[in-house]
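The first residue of the sequence shown is numbered 1, and numbering continues consecutively from there.
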Amino acid sequence: MSGGGAGPAVVPADLRVAVLGGTGPQGRGLARRFAAAGVHVILGSRTAQRAQLVAADLRELTGGPVGGADNVTAAAECDVVLVVVPWDGHADLLRELAPALAGKVVVDCVNPLGFDKQGAFALDVPEGSATQQAAAILTESTVVGAFHNVSAVLLDATEPLETDVLVLGDDREATELVQALADTIDGVRGVYGGRLRNARQVEALTANLISINRRYKAHSGIRVSDV
Ligand SMILES: NC(=O)c1ccc[n+]([C@@H]2O[C@H](COP(=O)([O-])OP(=O)(O)OC[C@H]3O[C@@H](n4cnc5c(N)ncnc54)[C@H](OP(=O)(O)O)[C@@H]3O)[C@@H](O)[C@H]2O)c1
């Protein structure tokens, strides 16, 4: 495993990570990278068969431990659960899964964005951010925000990513675990990015990155200096 983040935590060898929405480009890309690093992953989907098909593909690509299941089963079987679904389905999915997510570290990766002729823009969220909405719904879980600014295209590849991942949360043990998880991805460094109340601008920053990508034909990400 590679990386070099500031968090002292390491990913336990028996850690199981669920990726809800793991059949989409972002979830698949994250799962691919974790599996390549030897982290045990279970993809979640609204349809178990769809998750199993993507899991078989990722097993072949990485040789790593990847399974597929429906979202509830994936959540129930794992210690850390990434939420990588569209903003539209976010609240409904979390309400449905709240019992299965109790006691787990839930990593929200969702960017509440709108798109129009001018490109992407940040949506107003009553709770402040998608991550805070997750925390409001999942009162029995430890919610962390991360992986908002990482390109799906770069994730679903083999080259090192050369980017930082901001990890936000109010529980230090959980943010350090997620920093360590980010560190397992080749070229990625997990950096603590502040408390949940500061997740909004990290999620919104993705709209700026999408503008950068369009102008420069790039897959931009972020790097934090002097850390
Ligand atoms: N794409 C990127 O480069 C990127 C970068 C950073 C962050 N993100 C964030 O990552 C999240 C996923 O992005 P994506 O591009 O992978 O999205 P996506 O392809 O639109 O959706 C991912 C998966 O979510 C499931 N899904 C779709 N609608 C749903 C609903 N209403 N309720 C529950 N599950 C639903 C689908 O899986 P099943 O049909 O199998 O259930 C789908 O394959 C978004 O919130 C996005 O803001 C994306």
*Side chain S220, main chain I212, donor-acceptor under 3.5 Å*: no
*Check: D108/H90 side-chain N/O donor and acceptor closer than 3.5 Å*: yes
*Check whether any side-chain N or O of E203 sits under 3.5 Å from a backbone N or O of T131 as a donor-acceptor pair, and report yes or no.*
yes
*Quick check: does any side chain N or O of R189 sit under 3.5 Å from a backbone N or O of V224, one acting as donor and the other as acceptor?*
yes
*Same cluster for L181 and L30 if Ile/Leu/Val/Met/Phe/Trp/Tyr side chains link at under 4.5 Å?*
yes
*Nearest 0.5 Å, what's the CD-OG1 distance between Q52 and T23?*
12.0 Å
*What is the distance from atom CD1 of I210 to atom CZ of F115, rounded to the nearest 0.5 Å?*
4.0 Å
*State whether a side-chain donor-acceptor pair under 3.5 Å links T73 with D70.*
yes
_Check E140 with K104, please: is the shortest side-chain N to carboxylate O separation under 4.0 Å?_
no
_Whether over 12 other heavy atoms sit under 6.0 Å from D124 CG_ = no
*Measure the spacing between OG1 of T175 and CD of E173 and express it to the nearest 0.5 Å.*
9.5 Å
_With rounding to the nearest 0.5 angstrom, report the CZ to OG1 distance, R32 to T158._
6.0 Å
*asked:* Between T47 (side chain only) and R50 (backbone N and O only), is there a donor and an acceptor less than 3.5 Å apart?
replied: no
*Under 4.5 Å between side-chain heavy atoms, hopping through other hydrophobics if needed: is there a path connecting V178 to V81?*
no
*Going by an N to O cut-off under 4.0 Å, is there a salt bridge joining D156 and R33?*
no
*Would you kindly confirm whether V66 and V17 end up in one hydrophobic cluster when ILVMFWY residues are joined by side chain heavy atoms under 4.5 Å apart?*
yes
*Out of curiosity, does L58 fall in the hydrophobic cluster containing L53 (side-chain heavy atoms, cut-off under 4.5 Å, transitive links)?*
no
*Would one find more than 12 heavy atoms of other residues, nucleotides or ligands at under 6.0 Å from atom CZ of R223?*
yes
*Hey, what do you get for CG (L161) to CG (D186), rounding to the nearest 0.5 Å?*
8.0 Å
*Same cluster or not: are L138 and V80 linked, directly or through other Ile, Leu, Val, Met, Phe, Trp or Tyr residues, by side-chain heavy atoms under 4.5 angstrom apart?*
no
*Just by distance, do the side chain of S151 and the backbone of L154 share a donor-acceptor pair under 3.5 Å?*
yes
*Donor-acceptor contact below 3.5 Å, side chain D79 vs main chain R16*: yes
_Can a side-chain donor-acceptor contact be found between T142 and D171 if the only test is distance below 3.5 angstrom?_
no
*Nearest-0.5 Å distance, CZ of residue R200 to CG of residue N111*: 14.5 Å
